[in-house]
Every structure is written in structure tokens, then in C-alpha cells.
Amino acid sequence: LAKTTQPISMDSYEGQEVNITCSHNNIATNDYITWYQQFPSQGPRFIIQGYKTKVTNEVASLFIPADRKSSTLSLPRVSLSDTAVYYCLVYSSASKIIFGSGTRLSIRP
Amino acid sequence: NAGVMQNPRHLVRRRGQEARLRCSPMKGHSHVYWYRQLPEEGLKFMVYLQKENIIDESGMPKERFSAEFPKEGPSILRIQQVVRGDSAAYFCASSSQASGISYNEQFFGPGTRLTVL
């Protein structure tokens, strides 16, 4: 199972773009890269998933270089409500998901 | 379309009592997963079940913990003779499929916060 490494915490301000990078050096061919968001006292919520290049949805963008050994979650124009823990996950089967400690993102006014 | 439901949301037990946590997956989902989360930590996988079958219980403590997902009704995580170290948030998730090189999202419930006095 591929292990991921991401910053423990990040701070930013409202209206800024936030980029959270995750390293996954031993990612397997079948693995997808998935990001979840967790607010205090709630269960994690799926944000975005990708295999390679770039994926964009209404919430975020995910950038994956050609070697797939890292990925960057990009949150455009963050607001206070984006304060949460963000988990980078790498897996091919939903039955084998390992959550790390995540990145604690704090947004200030 | 209701999401994953868990009850109770908060559960207080004294040491030695039993705790039963319930999880109703999303409609149409036949795969259920249980996780435990301690404060300031990530989620730790406990067990993965399909209807009437335990598929992977590699994260489940060998003693006092059990899980089931009967043909009818919710999935149950049971903790016997609880100890203070069992205090945590327990999350249930469900998915429509579990394998294959394809989009596989787990949908999480709101969790049950267990406090052992």
C-alpha cells in the first residue's frame, strides 16, 4: 500500500489560493489519488480524485505530474469555511484505504 | 437520497459495559467500513464488511470487538467490556463497489462519539 506524506499544517487567508502537496513515491500502477476533507466532529467528505495530469471540479483542482510520485490539491479563493483537515489517499481498491494524519488547514480573515 | 446514517451520535458507557454502534449505509450500497479516530489523529481502518460477510478485519482488535452486517438491518459494531482507551469517534462508510481500477468513493457517516467513564 502506497504511503503518503503531506504537511502537518498550513495557514492562509481568505481569498487566497491554497496548494497542498502530497508525496507518494511508491504509488502503484493501479492506484488512484484521492483527497478527502474533514471538518471537526464530522466524517470525511470526498473532494476530488485523479489518476494523472489535471482534474478539476467545482470545489478544487488536482495536479498530478507524469511520474505520479506526488500530487497537489489546489483550492481557489479559500474562505473561512475551508478550514478543515485534508487527507491525501492513494489506493486502487476502496477496501484498502489508509488515512494518514492529514494536513490541518487554517484560514484566517 | 439519505446519506450514511449512524446512531447514536454520542454514547457514554462505564467501564465494563457493552457499546453497540449502528450504521445504515447509503441506499444501494452493499459495502460497509468501520474506522476509529482518536483526537488529532487520522482515521484508522477497523473492518470491511459486505452483506453477511466479513471481508477484512485486519484493523480490528482481537478481543472485545466484533462487527456484523446482516442481510436485513444496519451494520453493528459491538465493543464488549469497554475500557477508557476505547473512547474515540467511530465512523462508518459505505461504497457501491470495492475493487477494480475505477472510481471508488467511500461515503462517510457523521460518526458516533464513544466516551467511556
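Worth saying up front: this structure is predicted, and the values here are computed from it rather than measured. As a basis for the values below, the full set of heavy atoms in this structure was taken, side chains included, without hydrogen atoms, waters or symmetry mates. Numbered from 1 within each chain, the chains take letters A, B, ... in sequence-line order.
Under the 4.5 Å side-chain heavy-atom criterion for grouping Ile, Leu, Val, Met, Phe, Trp and Tyr, A:Phe63 is not connected to A:Val55 through any hydrophobic cluster. The same ILVMFWY cluster, assembled from side-chain heavy atoms under 4.5 Å apart, contains both A:Leu73 and A:Met10. B:Phe69 and B:Tyr48 fall into different hydrophobic clusters, where Ile, Leu, Val, Met, Phe, Trp and Tyr residues are linked whenever their side-chain heavy atoms come under 4.5 Å apart, directly or through other members. Under the 4.5 Å side-chain heavy-atom criterion for ILVMFWY residues, a single connected hydrophobic cluster contains both A:Leu80 and A:Ile47.
When atom types are taken as modelled, the side chain of A:Arg45 and the backbone of B:Phe108 share no donor-acceptor pair closer than 3.5 angstrom.
Note on B:Gln6, B:Gln37, B:Glu41: by heavy-atom pairs under 4.5 Å with chain A, the leading option is B:Gln37. Between chain B and the options A:Ser101, A:Gly100, A:Ser41, heavy-atom pairs under 4.5 Å are most frequent for A:Ser41.
B:Phe91 places a side-chain heavy atom less than 4.5 Å from the side chain of A:Gln38.
Of the two parts of B:Glu40, the backbone and the side chain both hold a non-hydrogen atom closer than 4.5 Å to a non-hydrogen atom of chain A.
Residue-environment remark: OH (A:Tyr13) stays at or below the threshold of 12 foreign heavy atoms within 6.0 Å.
Residues A:Phe99 and B:Tyr35 place their aromatic rings such that the two centres sit under 6.0 Å apart.
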